[in-house]
**Q** 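I have a structure I would like to understand better, so I am pasting it below and will then ask my questions one at a time.
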Number of protein chains: 2
Amino acid sequence: MDTETVEKPDLAKSKRDRILEAAATVFCQDGYTGASIDAVATKAGVSRQTIYNHVGDKDGLFKEVVAALTDKSAAKFMLLMEEFPEKPDNVEAELTAFSARFLNHLTQDKTSRWLLRLAENESGRYPELFTVWREYGSGRKRSLVAAHLSQLALNGHLEIDDSTLAARQYLALLTAEWRAEFQLGRFPSEDECTGMAQRAVKTFLRAFGRR
Amino acid sequence: MDTETVEKPDLAKSKRDRILEAAATVFCQDGYTGASIDAVATKAGVSRQTIYNHVGDKDGLFKEVVAALTDKSAAKFMLLMEEFPEKPDNVEAELTAFSARFLNHLTQDKTSRWLLRLAENESGRYPELFTVWREYGSGRKRSLVAAHLSQLALNGHLEIDDSTLAARQYLALLTAEWRAEFQLGRFPSEDECTGMAQRAVKTFLRAFGRR
DNA sequence: TTCAAGTTGGACACTCTTGTCCAATTGGAC
DNA sequence: GTCCAATTGGACAAGAGTGTCCAACTTGAA
């Protein structure tokens, strides 16, 4: 498939990706125990043997899936965070706009949602994996948000003592409604996300806005 | 075991309880698919056949477990809610005290925690069951809290427009830190709960307190 | 003691899954 | 065309789980 013994850049990579993608779906739908290699193979349009050739066994498959999703999700999140308002003319408007984008990102990015559910469900089975995800996903998110909030406070737009706490509370307020919908299996529309963002930011600014 | 054909009040009920209790543990630990009847039987100190005699099959067992836990949890929560401050001298102090009790309740009541995890994990498999739990558990909680917050607002202790939203945000702020710990498998001590309650209530009152 | 319901444990058939082996096939590179 | 690696599908053993059947046992009550 390739001239040298290097690797298999095109076809095989595409096949590998199909496997990981299918595996992500099946794992998130049925959990670790409930997911069967056969189901993954069928969904990926690949023979079962090929999966074993690529990732060894079920454990390997699971770990690769989580690793791949974590990377993808983190990258997208970093991109999103660059839109955080730095020197806003209107704090409420700009923070609301960013918050709405944040929620839309959560809604639309299958990767993030899958990971969220995986982490919630399989934390017992793979504590180390979960810890990694948490520090590197959820924890990193919070500290990034905290840094940006600090910046807003420094620029005189907010009044914040403990920026980590403020970040946690901001995220809690922002995602409260979203989580409820998500757990019901519903996916908020863009307008709904905007509404949620408005309500969250309004409360957040009542607590942390400049007096 | 009993004179009439009525039922079996003592011994059998105790055995039934042991089964349901063990099943709750196993289901919550391993999820629906991962849980095995054998494991439940062993943990309950009962033969596998006895389980089938009582609940029919695995599905029946699962449903009975959830029903039993939901009842227990709801009852305990109602009791807790009676301690919500009605005519506080010091809103912050009394709301904080209540909030700390609320978090301690979450931490200590295995039933609630089990149910929470069950609902999170098995929502895909049993949507109806989950909907029931949500309306009757989580939803009921929020509307009860909303009613109490309204009362505080009426009495001039808070400034609230939308009490349902305020309740959701109160609960989000209050449980944000707790959830993070819980997901890591840690169980906050009483002191930690108090700290979380203080920080949550402080922010909540900055947003909704009397100016 | 006798009765009967509840309980037990073991054997069983059945299904599903994992992971391995292997011979046959494909398709690109030379 | 030839070569070679990736892929395929099918067969297979081993294990685990479900749900059933049943004969033997406990145990409280008549």
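Keep in mind that this is a model prediction, so the values were computed, not measured. Naming convention: chains lettered A, B, ... in sequence-line order (proteins, then strands); numbering from 1 in each chain. Below, each value reflects all heavy atoms present in this structure, side chains not excepted, and no hydrogens, waters or symmetry copies.
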**Q** Does the plane of the ring in A:His148 sit parallel, tilted or perpendicular to the ring in A:Phe84? Use 30° and 60° as the thresholds.
**A**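 Tilted, since the angle between the ring planes falls between 30° and 60°.
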
**Q** Quick one: sort the B:Phe98 and B:Phe102 rings into parallel, tilted or perpendicular, breaks at 30° and 60°.
**A**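 Tilted.
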
**Q** Nearest whole angstrom, please: distance from the P of C:dT20 to the CD1 of A:Ile51.
**A**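 After rounding, the gap between these two atoms is 14 Å.
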
**Q** Is it the case that more than 12 heavy atoms not belonging to B:Glu83 sit under 6.0 Å from its CD atom?
**A**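 Yes, enclosed.
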
**Q** With hydrogens left out and only the distance checked, is there a donor-acceptor pair under 3.5 Å joining A:Arg48's side chain and the base of C:dG19?
**A**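 Side chain to base: pair present.
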
**Q** Between A:Thr50 and D:dT8, does any side-chain N or O lie under 4.0 Å from OP1 or OP2?
**A**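 Yes, within the criterion.
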
**Q** OP1, OP2 of D:dT26 versus side-chain N and O of B:Lys15: anything below 4.0 Å?
**A**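 For D:dT26, OP1/OP2 do not have a side-chain N/O of B:Lys15 under 4.0 Å.
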
**Q** Under 30°, 30 to 60°, or over 60°: which ring-plane class applies to A:Tyr32 and A:Phe27, parallel, tilted or perpendicular?
**A**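 Judged by the thresholds at 30° and 60°, the geometry between A:Tyr32 and A:Phe27 is parallel.
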
**Q** Nearest heavy atom decides the nucleotide; on that basis, is A:Gln49 or A:Asp38 closer to the 5' end of DNA chain C?
**A**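 Final value for this comparison: A:Asp38.
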
**Q** Does a side-chain N or O from B:His54 land closer than 4.0 Å to OP1 or OP2 of C:dG6, or not?
**A**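 No, outside the criterion.
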
**Q** Could you check which of D:dT8, C:dT18, D:dT18 has an atom nearest any side-chain atom of A:Ser47?
**A**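 The nucleotide sitting nearest to the side chain is D:dT8.
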
**Q** Give B:Ala35 one of three labels, base, sugar-phosphate or nothing, depending on what nucleic acid heavy atoms sit under 4.0 Å from its own.
**A**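 Sugar-phosphate, no base atom in range.
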
**Q** Please report the distance, rounded to the nearest Å, between CG in A:Asp59 and P in C:dT18.
**A**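 Spelled out: CG on A:Asp59 to P on C:dT18 is 12 Å.
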
